[in-house]
Amino acid sequence: RVGVVGSGPAGLTAAYHLARLGYRVKVFESGPEIGGLLRSGIPEFRLPEKVVAHEIDRILGLGVDVETNHKIDRQTLLELAREHDAVLVATGLQEQRDLRLGLDGTEAVVQGIDFLDHVHRESVRVDGEDVVVIGGGNTAMDAARSALRLGAESVRIVYRRTRQEMPAIAEEIDESIEEGVAIDFLTQ
């Protein structure tokens, strides 16, 4: 018996392979749904929910059990270790660091991954806003493109290096520009 803590990409991948090898697997997820960043951090236009649901169903179809809304603390982890032959901790993303921009109490500045989670939960709109995204990775591209879809007047990405140095997938950069996102390179 193997316990897997976390149901994001790493936890689900481990559960899939372990179940295929014949192990009894139980996944423990602190949130209300399984999938982690597959659901909350990648927008629908890049990874449709029906694809995520289908893949998760395939994994569960192998006999993988899941317990959601199950936070794991030190004591619970020790209990899992006693109840299982092995435990894999695949918790992935944790709390984001505060940007500390002196804007206490405002929601004007948010982490990209938090913004994408709000998009997933349909709890954010930016109608008529001018949005600035700082960064050059896939999260920045996803946040910028999502902001356009949520009614932003304009969206601008600010990146400190050149386009060639951006860590985002080249096609994502191209698609962002095609959709109307402006990008300032060599800007800090």
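Quick note: residue numbers are just sequence positions, from 1.
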Original post:
Any chain of hydrophobic side-chain contacts (each under 4.5 Å) joining Leu47 to Ile34?
Top reply: yes
Original post:
What distance do Asn69 atom CG and Phe28 atom CZ have between them, rounded to the nearest 0.5 Å?
Top reply: 13.5 Å
Side-chain donor-acceptor distances from residues 51-61 under 3.5 Å, at least two apart:
| unit_1 | atom_1 | unit_2 | atom_2 | d |
| --- | --- | --- | --- | --- |
| Glu55 | OE1 | Arg58 | NH1 | 2.9 |

Original post:
Does the distance from a Lys or Arg side-chain N to an Asp or Glu carboxylate O, for Glu83 and Arg1, drop under 4.0 Å?
Top reply: no
**OP:** Decide whether Ile177 and Val133 are clustered together by the hydrophobic rule: side chain heavy atoms of Ile, Leu, Val, Met, Phe, Trp, Tyr closer than 4.5 Å, transitively.
**Re:** yes
**OP:** Indicate the atoms forming the closest heavy-atom contact of Gly35 with Pro9, along with that distance.
**Re:** O-CD, 4.3 Å
Original post:
If every non-hydrogen atom of Glu33 is compared with every non-hydrogen atom of Ser7, which pair is closest and at what distance?
Top reply: O-OG, 4.2 Å
Original post:
Do you know which two heavy atoms are closest between Ser146 and Val119, and how far apart they sit?
Top reply: CB-CG2, 4.1 Å
Subject >> side-chain hydrogen bond (donor to acceptor under 3.5 Å, both in side chains) assessment of Ser123 paired with His118 >> reply: CA-CA 5 Å; Ser123 64; His118 290 300; 3.2 Å; yes
Subject >> N-O pairing of Arg145 and Glu172 below 4.0 Å >> reply: yes
Original post:
If we only count heavy atoms from C-beta on, is the Phe115 to Leu150 side-chain gap below 4.5 Å?
Top reply: yes
Original post:
Can you list the steps and then say if Leu80 with Val5 is a side chain to side chain contact (heavy atoms under 4.5 Å, CB included)?
Top reply: CA-CA 9 Å; Leu80 288 180; Val5 179; 3.9 Å; yes
**OP:** Enter the distance from Asn138:CG to Ile173:CD1 here, rounded to the nearest 0.5 Å.
**Re:** 8.0 Å
Original post:
Can you get from Val4 to Leu38 by hopping between Ile, Leu, Val, Met, Phe, Trp and Tyr side chains that sit under 4.5 Å apart?
Top reply: yes
Original post:
Should we say atom CZ of Arg74 is surrounded by more than 12 heavy atoms from elsewhere, each under 6.0 Å from it?
Top reply: no
Original post:
What's the verdict on salt bridge (charged side-chain N to carboxylate O under 4.0 Å, His left out) for Glu179 and Arg149, showing C-alpha distance, side-chain angles and the deciding distance?
Top reply: CA-CA 10 Å; Glu179 290 180 17; Arg149 287 165 170 77; 2.7 Å; yes
Original post:
Counting only N and O atoms by type, is there a donor-acceptor contact under 3.5 Å from the side chain of Asp142 to the main-chain atoms of Leu116?
Top reply: no
**OP:** Establish whether Val66 and Leu62 are linked, either directly or via other cluster members, by ILVMFWY side-chain heavy-atom contacts under 4.5 Å.
**Re:** yes
**OP:** Report the distance from atom CD1 of Ile183 to atom CD1 of Ile157, rounding to the nearest 0.5 Å.
**Re:** 4.5 Å
Original post:
What are the two closest non-hydrogen atoms of Ala15 and Val64, and how far apart are they?
Top reply: O-CG2, 3.9 Å
**OP:** Report yes if the side chains of His120 and Arg39 come closer than 4.5 Å at any heavy-atom pair, otherwise no.
**Re:** yes
Original post:
Do Leu37 and Leu12 belong to the same hydrophobic cluster, where Ile, Leu, Val, Met, Phe, Trp and Tyr are linked whenever their side-chain heavy atoms lie under 4.5 Å apart, directly or via other members?
Top reply: no
**OP:** Give a yes or no on whether Ile134 atom CD1 has more than 12 heavy-atom contacts from other residues, nucleotides or ligands under 6.0 Å away.
**Re:** no
Original post:
In terms of heavy-atom contacts, does CZ of Arg163 have more than 12 from other residues, nucleotides or ligands at under 6.0 Å?
Top reply: yes
**OP:** Give the C-alpha distance, both sets of side-chain angles, the deciding distance and a yes or no for side-chain hydrogen bond (donor to acceptor under 3.5 Å, both in side chains) between His84 and Glu79.
**Re:** CA-CA 9 Å; His84 295 81; Glu79 291 170 16; over 6 Å; no
**OP:** Provide the closest heavy-atom pair for Asp130 versus Ser154 in the form atom of the first, atom of the second, distance.
**Re:** OD1-OG, 2.7 Å
**OP:** Using a cut-off of 6.0 Å, state whether more than 12 heavy atoms not belonging to Arg46 lie near its atom CZ.
**Re:** yes
Original post:
Do Glu67 side-chain atoms and Lys26 backbone N/O form a donor-acceptor pair below 3.5 Å?
Top reply: no
Original post:
Hey, does Asp65 have a side-chain heavy atom less than 4.5 Å from the side chain of Val27?
Top reply: no
**OP:** Using the side chain to side chain contact (heavy atoms under 4.5 Å, CB included) rule, take Val2 and Asp85 through it: C-alpha gap first, then chi angles, then the decisive distance, then the call.
**Re:** CA-CA 6 Å; Val2 179; Asp85 298 305; 5.7 Å; no
Original post:
Taking the side chain from Asp73 and the backbone from Thr76, do they hold a donor-acceptor pair closer than 3.5 Å?
Top reply: yes
Subject >> Contact summary for Phe185 and Met166, nearest pair of heavy atoms >> reply: CE2-SD, 3.4 Å
Original post:
Within the side chain of Glu29, is there an N or O that forms a donor-acceptor pair under 3.5 Å with the backbone of Gly31?
Top reply: yes
**OP:** Keeping to residues at least two apart or across chains, list the ring-ring contact (aromatic ring centres under 6.0 Å, His included) pairs with something in residues 121-175.
**Re:** none
